[in-house]
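For reference, the structure is listed below as structure tokens.
So you know, we letter chains A, B, ... as the sequences are listed, proteins then strands, and number each from 1. What you are looking at is a predicted structure, and each value in this text was computed from that prediction instead of being measured.
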Protein chains: 2
Amino acid sequence: MSDRDIDTCDLQCIHEETVNKVRKALLSEETIMDLQNLYKVLGDGTRLSIMNALSLAEMCVCDVAAALGMSQSAVSHQLRVLKAARLVKYRREGKQVYYSLDDDHITQLLAVGLEHVRHQ
Amino acid sequence: MSDRDIDTCDLQCIHEETVNKVRKALLSEETIMDLQNLYKVLGDGTRLSIMNALSLAEMCVCDVAAALGMSQSAVSHQLRVLKAARLVKYRREGKQVYYSLDDDHITQLLAVGLEHVRHQ
DNA sequence: TGAACATATGAACAATCGTTCATATGTAAT
DNA sequence: ATTACATATGAACGATTGTTCATATGTTCA
């Protein structure tokens, strides 16, 4: 009963076995959405620049703004997005809030992308 | 002469040494743009689903459409984007065009993302 | 408590993006 | 050549997103 027909589409030329096999093995919609959100967050030049900067040193918000030539507001907004995606962590010290990459795993995430980009 | 002042921003609270050190070590704008484009392409549920499907089997366009319940047009449009980003490759056989992931490197790119997502 | 300052956030506007619909291209048979 | 069909592409519309501007929050020091 778990094997329903393909009801969403009536195209021809289908390799039914392959299609059915693949359908059963697909990642859950939720996982896809999580992945989508992760890569979407990384898919912005500003945020990548921030990540790049933070991979070089822990920095407070206005350091990041100065290093990248951006407004404080824009940086803060984007750090919020990065924080929500668990890509950066922060630490308060007096009036400043210091940001850094969440863990080494994140560095790897960037490294794999860099490898692909440079592999041209 | 390579060490210009910070002219784009006049914020206070700057750790000048850190900022200057980081500025010098930042990736080039071009590299950032390439990375942005890569992750932006991956930052879409439809394209991730297609990648997911192709990681399970080589498939022709209408197989992908059937497996994911999408229109042929939408799939074709997205495959074009994936192709441009060198994430998938294709092979013509008669009227069909078979797509698959470009190489093992791409599989790794997805795997690292998956790891992060599941690491919650 | 009040001033100074680092950071965060809300609203809004411009730009970007993914889909659909219609149609074009290209391949294989008759 | 003409028909059938798999795939590709162009235009356009609606939705999403990143920035700016204005302002709020929260911390330190006098």
Side-chain angles (χ1 to χ4, degrees), chain A residues 8-15 18-19 32-33 36-51 54 58-85 88-100, chain B residues 8-15 18-19 32-33 36-51 54 58-85 88-100:
Chain A
T8 37
C9 186
D10 43 26
L11 299 171
Q12 346 219 3
C13 102
I14 299 170
H15 301 87
T18 305
V19 170
I32 292 288
M33 280 184 58
Q36 161 180 323
N37 194 60
L38 169 63
Y39 289 125
K40 193 178 282 192
V41 168
L42 290 174
D44 174 75
T46 298
R47 286 191 292 265
L48 281 173
S49 297
I50 294 176
M51 297 285 285
L54 295 179
E58 184 190 54
M59 298 171 94
C60 70
V61 177
C62 68
D63 283 349
V64 174
L68 302 179
M70 295 179 54
S71 75
Q72 176 270 321
S73 178
V75 171
S76 185
H77 274 297
Q78 299 300 8
L79 281 171
R80 195 154 104 100
V81 175
L82 292 170
K83 204 184 346 175
V88 303
K89 63 178 185 243
Y90 65 100
R91 165 177 82 79
R92 170 150 235 144
E93 188 171 304
K95 278 187 281 193
Q96 276 88 1
V97 177
Y98 290 91
Y99 283 86
S100 55
Chain B
T8 37
C9 186
D10 43 25
L11 299 170
Q12 345 219 6
C13 101
I14 299 171
H15 300 88
T18 305
V19 170
I32 292 288
M33 280 184 58
Q36 161 179 326
N37 194 60
L38 169 64
Y39 288 124
K40 194 178 280 193
V41 167
L42 290 174
D44 175 75
T46 298
R47 285 191 292 265
L48 281 172
S49 296
I50 293 176
M51 297 285 286
L54 295 180
E58 184 191 55
M59 298 171 94
C60 70
V61 176
C62 69
D63 282 349
V64 174
L68 301 179
M70 295 179 54
S71 75
Q72 174 269 320
S73 179
V75 171
S76 185
H77 274 297
Q78 301 299 7
L79 280 171
R80 195 154 104 102
V81 175
L82 292 170
K83 205 186 341 177
V88 302
K89 62 178 187 244
Y90 64 100
R91 166 177 81 79
R92 172 150 233 144
E93 188 171 306
K95 280 187 280 191
Q96 276 87 5
V97 177
Y98 290 91
Y99 284 86
S100 55

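- Atoms OH (B:Y90) and P (C:dT27) sit 11 Å apart, rounded to a whole Å.
- A straight line from CZ of A:R91 to P of D:dT27 spans 16 Å, rounded to a whole angstrom.
- The residue B:Y99 sits close only to the backbone: its heavy atoms come under 4.0 Å of sugar-phosphate atoms, none of a base.
- Put simply, the side chain of A:D63 gets close to the backbone of B:H15: a donor and an acceptor are under 3.5 Å apart.
- Mapping B:H77 and B:Q96 onto DNA chain D by nearest heavy atom places B:Q96 closer to the 5' end of the strand.
- The distance from atom CD1 of A:I14 to atom C1' of D:dT7 is 15 Å, rounded to the nearest whole Å.
- The nearest heavy atom of DNA chain D to A:E93 and to A:D44 marks one nucleotide each, and the one closer to the 5' end goes with A:D44.
- Look at CD on A:Q72: it is 13 Å from C1' on D:dG26, rounded to the nearest Å.
- Atom C1' of nucleotide C:dG18 and atom NZ of B:K40 are separated by 13 Å, given to the nearest angstrom.
- Counting only distance, with no hydrogens or angles, the side chain of B:S76 and the backbone of B:Q72 share no donor-acceptor pair below 3.5 Å.
- Here the side chain of B:S76 is nearest to one of C:dT7, C:dT9, D:dT9, namely D:dT9.
- Side-chain proximity of A:K95 to the nucleotides C:dT7, C:dA4, D:dG18 is greatest for C:dA4.
- Comparing D:dT27, C:dG18, C:dA8 by their nearest atom to the side chain of A:R92 picks out D:dT27.
- Between the P atom of C:dC17 and the CG atom of B:L42 lies a distance of 14 Å, rounded to the nearest Å.
- The side chain of A:V61 has C:dA8 as its nearest neighbour among D:dA8, C:dG18, C:dA8.
- You'll find that the side chain of A:Q78 is closest to D:dG18, out of D:dG18, C:dT9, C:dT27.
- The cationic group of B:K83 lies under 6.0 Å from the six-membered ring centre of B:Y90 and within 45° of the ring axis, placing it in a cation-pi geometry.
- Distance A:R47 CZ to D:dT16 C1': 12 Å, rounded to the nearest Å.
- When each of D:dT27, D:dT9, D:dT19 is scored by its nearest atom to the side-chain atoms of A:T46, the top-ranked nucleotide is D:dT19.
- For the pair B:V61 and B:Q96, the minimum side-chain heavy-atom distance is 4.5 Å or more.
- Applying the 3.5 Å distance criterion, the base of C:dT9 shares a donor-acceptor pair with the side chain of A:S73.
- As a whole-Å value, the separation of B:M59 CE from D:dT7 C1' is 16 Å.
- Using modelled atom types, one side-chain atom of B:R47 and one backbone atom of B:V41 make a donor-acceptor pair closer than 3.5 Å.
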